[in-house]
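Written below as structure tokens is the structure these notes are about.
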Number of protein chains: 2
Amino acid sequence: MEAKEISKAVVKRLPRYYRYLGELMEEKVERISSNDLSKKMHVTASQIRQDLNNFGGFGQQGYGYNVEYLYTEIGKILGLDTIHPMIILGAGNLGQALANYGDFEKRGFRLVGIFDVNPVLEGISVRGIEIQMISRLPEFMKENQVEIAILTLPKNKAKEMAKILIENGIKAIWNFAHTDLDAPEDVIVENVHLSESLMALSYNLSQYRNEHTEK
Amino acid sequence: MEAKEISKAVVKRLPRYYRYLGELMEEKVERISSNDLSKKMHVTASQIRQDLNNFGGFGQQGYGYNVEYLYTEIGKILGLDTIHPMIILGAGNLGQALANYGDFEKRGFRLVGIFDVNPVLEGISVRGIEIQMISRLPEFMKENQVEIAILTLPKNKAKEMAKILIENGIKAIWNFAHTDLDAPEDVIVENVHLSESLMALSYNLSQYRNEHTEK
């Protein structure tokens, strides 16, 4: 099956299917109907049928989906069937939180290095990996295969570091710095701008309040 | 001006305009043309004109936008002109990272409490706020005005805590736990599912690789 056949809208929903199917596997559920999955996920059953038709293997009518099969197929589409060596730039609270997030490792995101500019942090271990000074980064990238860099640095440092990463052949950047990065087309950038998510929440709050005080 | 007039698609882009306008203000820029803003933001000038027309006050043709005016108006729409008292549930690395994020406070998101289940953390101060035991939460919410709760707890605790928050009148939940919460319509939930963002990145990586090895 080729990943390319699947539409962007479906792809956006795949991580959520993947999560729910993973939970079902933990509960030892082997098969599930689109109706039951629909109730669990608060998505219409017809949406689920349409989305999952992309993966074939949906079995006979009334027989339900094979949970493990779907989980594995969706995992492949999401690129979770290969190892992604990953480094973290910025060993503050957020960097350490991400370093300690065990679920990433389970899905093939293997942390191979942590870097910071603060000499006080040098040599301190996070999940068995010693924090190194950022000046060591180019050398490290020559000696080790690194695919993904996680940027948890202040925004004034982030652009400069992105440049060094790109010069040294990084494939993807997961950017938590509150700024947009300039990257060439062949470098994947995925932004997590936390303030923007908080502003969306505050917008919805004031929207709700306006609607309910006008009544 | 009423927030309701603005379409959802525009609202989604507002935090990004807000960020860029804030940067311009820091650089003491008073006016900017849609063309210049377009180059900076990598959005078409016509998209910018269309979006910002919602706010009136765009001045004469060729005269550009008043940066501070737009920044203030967008801030109001986003609900950033009022104080939002906020608590954090889960004082691990992620909770502490968010507690230490000074930019939130500047925009009216005022941290008033931090809670955890781990007795080792009790009484430790994060940005001058002592970590309390979660058993104190209902009492705290009766005594203090709390609008937003940030959930940085493991997923098995998150649903239970959401229930307690909702029973005690929380208005909005910013959910970092890797699970969907059941909340009534009048409680705003904004999810930050970090794994899903990482999966989107890994999908784009393998997609790019497939396209370029097929050649």
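Every value quoted in this text rests on a predicted model; they were computed, and no experiment measured them. Lettering of chains follows the sequences in order, A, B, ..., and the numbering in each one begins at 1.
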**Asked** Who among B:Glu190, B:Arg19, B:His42, B:Lys12 has the most heavy-atom pairs with chain A under 4.5 Å?
**Response**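 The answer is B:Arg19.
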**Request:** Could you tell me which of B:Asn204, B:Ile150, B:Leu205 has the largest number of non-hydrogen atom pairs under 4.5 Å with chain A?
**Result:**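 Top option by heavy-atom pairs under 4.5 Å: B:Leu205.
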Checking [X] against chain B: side chain, backbone, both or neither under 4.5 Å from a heavy atom?
X        : result
A:His178 : both
A:Leu14  : neither
A:Asn175 : neither
A:Asn100 : side chain
A:Leu194 : both

Do you know which of [options] has the most heavy-atom pairs under 4.5 Å to chain B?
options                               : answer
A:Asp186, A:Leu80, A:Thr152           : A:Asp186
A:Ile148, A:Val192, A:Leu198, A:Leu94 : A:Leu198
A:Lys171, A:His84, A:His193, A:Arg16  : A:Arg16
A:Ala97, A:Ser206, A:Ser202           : A:Ser202

**Asked** Should the heavy atoms of other residues, nucleotides or ligands under 6.0 Å from NZ of A:Lys40 be counted, would the total exceed 12?
**Response**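 Counting neighbours around NZ of A:Lys40, more than 12 heavy atoms of other residues, nucleotides or ligands fall under 6.0 Å, so yes.
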**Prompt:** NZ of A:Lys157: more than 12 outside heavy atoms within 6.0 angstrom?
**Reply:**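 12 or below, so no.
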**Atom pair CG (A:Asp116) and CD1 (A:Ile131), whose distance is rounded to the nearest 0.5 Å** =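 Between atom CG of A:Asp116 and atom CD1 of A:Ile131 there are 6.5 Å.
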**Message:** Applying salt bridge (Lys or Arg N to Asp or Glu O under 4.0 Å) to B:Lys163 and B:Glu160, what does each step give before you reach the verdict?
**Reply:** CA-CA 5 Å; B:Lys163 208 170 155 255; B:Glu160 185 192 331; over 6 Å; no
**Electrostatic pair A:Arg209:B:Glu147 at N-O distance under 4.0 angstrom** =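 Yes, this pair counts.
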**Request:** Determine, stepwise, if the pair B:Glu68 / B:Lys28 fulfils salt bridge (Lys or Arg N to Asp or Glu O under 4.0 Å).
**Result:** CA-CA 10 Å; B:Glu68 193 179 346; B:Lys28 313 276 181 215; over 6 Å; no
**Item:** Option from B:Tyr18, B:Tyr17, B:Tyr20 for which side chain to side chain donor-acceptor pair (under 3.5 Å) with B:Tyr71 holds
**Value:**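 Checked B:Tyr18, B:Tyr17, B:Tyr20 against B:Tyr71; only one passes side chain to side chain donor-acceptor pair (under 3.5 Å): B:Tyr18.
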**Prompt:** In this structure, which one of B:Asn54, B:Leu52, B:Asn53 forms a side chain to side chain contact (heavy atoms under 4.5 Å, CB included) with B:Val10?
**Reply:**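 Of B:Asn54, B:Leu52, B:Asn53, side chain to side chain contact (heavy atoms under 4.5 Å, CB included) with B:Val10 is met by B:Asn54 alone.
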